[in-house]
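Below is one structure, written out as C-alpha coordinates; the observations come after it.
Along the sequence shown, the residues carry numbers beginning at 1. Basis for what follows: all heavy atoms, side chains included, without hydrogens, waters or symmetry-related copies.
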Amino acid sequence: MANLIQLPHTGLQVPHDRYTLADFQQMEMSCGIAYNATVNEGKRCVGIIENQGNGGGTWFSPATAADRRAVHEFAAASRMGGEPLSEEEVLEHLITEHETALEVAKCTRRRASLLRGFDEDGEVIVSISIAAAPTRLARADAPFLPRLARDLKASAPNVSAWQFWTGDQWAPLNLPAISD
(Lines give C-alpha, C1' and ligand atoms only; values in the text may rest on other atoms or scores of the structure.)
Protein backbone atom coordinates (compact mmCIF):
# COMPACT_ATOMS: atom_id res chain seq x y z
CA MET A 1 0.00 0.00 0.00
CA ALA A 2 1.19 3.52 -0.75
CA ASN A 3 2.43 5.71 2.06
CA LEU A 4 -0.50 7.06 4.00
CA ILE A 5 -0.64 10.28 6.03
CA GLN A 6 -2.11 9.97 9.52
CA LEU A 7 -4.38 12.82 10.51
CA PRO A 8 -3.61 14.07 14.04
CA HIS A 9 -7.04 14.22 15.68
CA THR A 10 -8.76 11.07 14.42
CA GLY A 11 -5.88 8.80 13.46
CA LEU A 12 -7.46 8.41 10.01
CA GLN A 13 -4.80 7.41 7.50
CA VAL A 14 -5.32 9.05 4.11
CA PRO A 15 -3.50 8.88 0.77
CA HIS A 16 -3.03 12.67 0.63
CA ASP A 17 -3.87 15.81 2.57
CA ARG A 18 -4.96 17.97 -0.36
CA TYR A 19 -8.64 17.91 0.65
CA THR A 20 -9.66 20.60 3.12
CA LEU A 21 -13.05 21.40 4.57
CA ALA A 22 -14.59 24.87 4.62
CA ASP A 23 -17.94 26.50 5.32
CA PHE A 24 -18.67 23.95 8.04
CA GLN A 25 -22.15 24.35 9.52
CA GLN A 26 -24.03 22.23 12.02
CA MET A 27 -27.38 22.31 13.76
CA GLU A 28 -28.86 20.08 16.45
CA MET A 29 -31.92 18.17 15.26
CA SER A 30 -34.32 15.89 17.14
CA CYS A 31 -32.50 12.71 16.01
CA GLY A 32 -28.92 13.99 15.82
CA ILE A 33 -26.76 16.77 14.47
CA ALA A 34 -27.21 17.95 10.89
CA TYR A 35 -24.09 19.27 9.23
CA ASN A 36 -22.51 20.11 5.92
CA ALA A 37 -19.09 21.21 4.76
CA THR A 38 -17.53 22.10 1.45
CA VAL A 39 -14.66 19.85 0.36
CA ASN A 40 -11.95 21.80 -1.45
CA GLU A 41 -8.80 20.75 -3.25
CA GLY A 42 -6.78 23.92 -3.24
CA LYS A 43 -9.21 26.68 -4.19
CA ARG A 44 -11.48 24.37 -6.20
CA CYS A 45 -14.69 22.95 -4.72
CA VAL A 46 -14.77 19.16 -5.05
CA GLY A 47 -18.19 18.73 -3.44
CA ILE A 48 -20.22 18.83 -0.23
CA ILE A 49 -20.32 16.43 2.73
CA GLU A 50 -23.77 16.39 4.28
CA ASN A 51 -25.69 14.66 7.06
CA GLN A 52 -29.32 15.66 7.56
CA GLY A 53 -29.31 14.85 11.29
CA ASN A 54 -32.28 12.52 11.08
CA GLY A 55 -30.47 9.29 11.90
CA GLY A 56 -29.56 8.71 8.25
CA GLY A 57 -26.21 8.50 6.57
CA THR A 58 -23.49 10.96 5.68
CA TRP A 59 -23.28 11.67 1.96
CA PHE A 60 -20.95 13.26 -0.53
CA SER A 61 -22.40 15.37 -3.34
CA PRO A 62 -19.63 15.82 -5.91
CA ALA A 63 -19.10 18.86 -8.10
CA THR A 64 -18.30 16.61 -11.09
CA ALA A 65 -18.22 12.93 -12.00
CA ALA A 66 -14.42 13.07 -11.86
CA ASP A 67 -14.65 14.41 -8.30
CA ARG A 68 -16.98 11.52 -7.39
CA ARG A 69 -14.37 9.02 -8.61
CA ALA A 70 -11.49 10.86 -6.92
CA VAL A 71 -13.24 10.99 -3.52
CA HIS A 72 -14.31 7.35 -3.87
CA GLU A 73 -10.67 6.33 -4.57
CA PHE A 74 -9.49 8.53 -1.67
CA ALA A 75 -11.94 6.80 0.70
CA ALA A 76 -11.07 3.32 -0.62
CA ALA A 77 -7.36 3.95 0.05
CA SER A 78 -7.97 5.40 3.53
CA ARG A 79 -7.45 3.28 6.65
CA MET A 80 -8.06 3.38 10.39
CA GLY A 81 -5.61 1.25 12.33
CA GLY A 82 -4.64 -0.38 9.05
CA GLU A 83 -8.23 -1.45 8.31
CA PRO A 84 -10.34 -0.21 5.39
CA LEU A 85 -13.41 1.90 6.06
CA SER A 86 -16.61 2.66 4.20
CA GLU A 87 -16.75 5.93 2.31
CA GLU A 88 -19.30 7.20 4.83
CA GLU A 89 -16.94 6.45 7.74
CA VAL A 90 -14.10 8.29 6.00
CA LEU A 91 -16.35 11.31 5.43
CA GLU A 92 -17.43 11.31 9.08
CA HIS A 93 -13.80 11.11 10.24
CA LEU A 94 -12.94 14.07 8.00
CA ILE A 95 -15.73 16.05 9.67
CA THR A 96 -14.49 15.04 13.14
CA GLU A 97 -10.92 15.96 12.16
CA HIS A 98 -12.12 19.38 10.99
CA GLU A 99 -14.29 20.01 14.08
CA THR A 100 -11.43 19.06 16.40
CA ALA A 101 -8.97 21.27 14.51
CA LEU A 102 -11.39 24.19 14.94
CA GLU A 103 -11.59 23.53 18.70
CA VAL A 104 -7.80 23.23 18.96
CA ALA A 105 -7.39 26.56 17.14
CA LYS A 106 -9.90 28.21 19.47
CA CYS A 107 -8.05 26.88 22.54
CA THR A 108 -4.70 27.96 21.13
CA ARG A 109 -5.93 31.52 20.64
CA ARG A 110 -7.13 31.60 24.27
CA ARG A 111 -3.99 29.83 25.59
CA ALA A 112 -6.30 27.11 26.87
CA SER A 113 -6.17 23.34 26.46
CA LEU A 114 -8.43 20.87 24.73
CA LEU A 115 -8.93 17.58 26.56
CA ARG A 116 -10.55 14.47 25.19
CA GLY A 117 -11.82 11.54 27.21
CA PHE A 118 -11.97 7.92 26.08
CA ASP A 119 -14.26 5.12 27.13
CA GLU A 120 -12.96 1.60 27.85
CA ASP A 121 -13.24 0.72 24.13
CA GLY A 122 -10.90 3.57 23.17
CA GLU A 123 -13.64 5.76 21.65
CA VAL A 124 -13.62 9.50 22.28
CA ILE A 125 -16.79 10.25 24.26
CA VAL A 126 -16.17 13.81 25.46
CA SER A 127 -14.07 16.88 24.67
CA ILE A 128 -13.57 19.66 27.18
CA SER A 129 -11.76 22.98 27.00
CA ILE A 130 -10.01 24.16 30.17
CA ALA A 131 -8.28 27.45 31.00
CA ALA A 132 -4.86 25.90 31.75
CA ALA A 133 -2.20 26.06 29.04
CA PRO A 134 -0.89 22.73 27.69
CA THR A 135 2.55 23.37 29.20
CA ARG A 136 0.96 23.39 32.67
CA LEU A 137 -0.84 20.08 32.01
CA ALA A 138 2.43 18.41 31.08
CA ARG A 139 3.82 19.04 34.59
CA ALA A 140 2.98 16.13 36.92
CA ASP A 141 3.55 18.40 39.93
CA ALA A 142 1.05 21.08 38.87
CA PRO A 143 -0.91 22.00 42.02
CA PHE A 144 -4.26 22.21 40.24
CA LEU A 145 -4.21 18.60 38.95
CA PRO A 146 -5.99 17.00 41.97
CA ARG A 147 -8.85 19.48 41.60
CA LEU A 148 -8.95 18.90 37.84
CA ALA A 149 -9.05 15.12 38.41
CA ARG A 150 -12.04 15.51 40.76
CA ASP A 151 -13.85 17.87 38.39
CA LEU A 152 -13.30 15.62 35.37
CA LYS A 153 -14.44 12.54 37.31
CA ALA A 154 -17.61 14.38 38.39
CA SER A 155 -18.43 15.74 34.93
CA ALA A 156 -17.45 12.65 32.90
CA PRO A 157 -17.54 9.56 35.14
CA ASN A 158 -17.45 7.09 32.21
CA VAL A 159 -14.09 8.32 30.93
CA SER A 160 -11.33 5.78 31.46
CA ALA A 161 -8.43 7.86 30.04
CA TRP A 162 -7.77 11.50 29.19
CA GLN A 163 -5.51 13.15 26.62
CA PHE A 164 -4.61 16.80 25.97
CA TRP A 165 -3.43 18.57 22.84
CA THR A 166 0.16 19.68 23.39
CA GLY A 167 0.25 22.01 20.41
CA ASP A 168 1.40 19.38 17.95
CA GLN A 169 0.10 16.03 19.21
CA TRP A 170 -2.20 14.31 21.70
CA ALA A 171 -0.52 13.24 24.95
CA PRO A 172 -1.82 11.31 27.96
CA LEU A 173 -3.09 13.53 30.76
CA ASN A 174 -1.55 12.02 33.89
CA LEU A 175 -3.97 12.84 36.67
CA PRO A 176 -3.44 11.91 40.30
CA ALA A 177 -5.61 9.11 41.69
CA ILE A 178 -8.66 10.34 43.57
CA SER A 179 -10.88 8.47 45.97
CA ASP A 180 -14.57 8.07 45.14
**Q.** Residues in salt bridge (Lys or Arg N to Asp or Glu O under 4.0 Å) contact with Arg69, at least two apart in sequence or another chain
**A.** none
Q: Could you tell me how the ring of Phe24 sits relative to the ring of Tyr35: parallel (under 30°), tilted (30 to 60°) or perpendicular (over 60°)?
A: tilted
Q.
Quick check: closest heavy atoms across Asp17 and Ile5, and the distance to 0.1 Å?
A. N-CD1, 3.8 Å
**Q.** Same apolar cluster (I L V M F W Y, side chains within < 4.5 Å links), Tyr19/Leu7
**A.** yes
Q | Pairs satisfying salt bridge (charged side-chain N to carboxylate O under 4.0 Å, His left out), at least one member in residues 124-141, at least two apart | A | Arg139-Asp141
Q.
Holding to ring-ring contact (aromatic ring centres under 6.0 Å, His included), I want the full list of residues that pass it with His93, two or more places apart in sequence or in another chain.
A. none
Q. Taking side chain as C-beta onward, heavy atoms only, is Leu115 less than 4.5 Å from Leu137?
A. yes
Q) Among pairs that include at least one residue of residues 105-121, which meet salt bridge (charged side-chain N to carboxylate O under 4.0 Å, His left out), considering only residues two or more places apart or in two chains? A) Glu103-Lys106
**Q.** Pairing residues for Glu87 by the salt bridge (Lys or Arg N to Asp or Glu O under 4.0 Å) criterion, not counting sequence neighbours
**A.** Arg68
Q. Closest approach of Ser113 and Ala132, non-hydrogen atoms and distance?
A. OG-O, 2.6 Å
Q.
List the residues meeting side chain to side chain contact (heavy atoms under 4.5 Å, CB included) with Pro15, not counting sequence neighbours, and say none if there are none.
A. Leu4, Phe74, Ala77, Ser78
Q: Go through the steps to decide whether Leu152 and Leu148 satisfy the test side-chain contact (heavy atoms from CB on, under 4.5 Å), and finish with yes or no.
A: CA-CA 6 Å; Leu152 291 174; Leu148 178 61; 3.8 Å; yes
Q. Considering residues at least two apart in sequence or located in another chain, which fulfil the salt bridge (Lys or Arg N to Asp or Glu O under 4.0 Å) criterion with Arg18?
A. Glu41
Q | Co-membership, hydrophobic cluster, residues Leu21 and Leu85, 4.5 Å side-chain | A | yes
Q: Please check if the side chain of Ser127 supplies one atom and the backbone of Thr100 the other of a donor-acceptor pair under 3.5 Å.
A: no
Q) Which residue pairs satisfy the ring pair (Phe, Tyr, Trp, His ring centres under 6.0 Å) criterion with at least one member in residues 134-160, sequence neighbours excluded? A) none
Q: Using the test side chain to side chain contact (heavy atoms under 4.5 Å, CB included), find all partners of Pro176 that sit at least two apart in sequence or belong to another chain.
A: Leu145, Pro146, Ala149
**Q.** For Arg79 against Leu12, the heavy-atom pair lying closest together
**A.** O-CD1, 3.6 Å
Q | Cluster link Phe60 to Val14, ILVMFWY, side chain under 4.5 Å | A | yes
Q: Of all the heavy-atom pairs spanning Asn54 and Gly56, show the shortest one and how long it is.
A: OD1-N, 3.0 Å
Q: Show your reasoning for whether side-chain contact (heavy atoms from CB on, under 4.5 Å) applies to Val39 and Leu94.
A: CA-CA 10 Å; Val39 180; Leu94 290 175; over 6 Å; no
(Q) I'd like to know if Trp165 and Val126 are part of one continuous hydrophobic network [Ile/Leu/Val/Met/Phe/Trp/Tyr, side-chain heavy atoms within less than 4.5 Å]. (A) no
**Q.** Closest non-hydrogen atom pair, Asn51 against Gly57
**A.** ND2-O, 3.3 Å
Q. Is there a side-chain contact between Ile130 and Phe164 (heavy atoms, below 4.5 Å)?
A. no
(Q) Within this structure, what is the CE-CD distance for the pair Met27 and Gln52, rounded to the nearest 0.5 Å? (A) 10.5 Å
**Q.** Stepwise side-chain contact (heavy atoms from CB on, under 4.5 Å) test for Trp59 and Ile49
**A.** CA-CA 6 Å; Trp59 306 102; Ile49 296 174; over 6 Å; no
**Q.** Heavy-atom pair with the smallest gap, counting every atom of Met29 and Ala34
**A.** CG-CB, 3.7 Å
Q) Do Trp162 and Ile128 come close enough that some side-chain heavy atom pair is under 4.5 Å? A) yes
Q: Would you please name every residue forming a side chain to side chain contact (heavy atoms under 4.5 Å, CB included) with Glu88, sequence neighbours left out?
A: Thr58, Ser86, Glu92
Q: Give a yes or no on whether the backbone of Asn36 and the side-chain of Glu50 come within a donor-acceptor separation of less than 3.5 Å.
A: no
Which donor-acceptor pairs under 3.5 Å do the side chains of residues 168-175 make with protein atoms, sequence neighbours left out?
from   : atom 1 : to     : atom 2 : distance (Å)
Asp168 : OD1    : Thr166 : OG1    : 2.8
Trp170 : NE1    : His9   : ND1    : 3.1

Q. Can you name the residues that form a side chain to side chain contact (heavy atoms under 4.5 Å, CB included) with Asn40, not counting sequence neighbours?
A. Thr20, Ala22, Thr38, Cys45
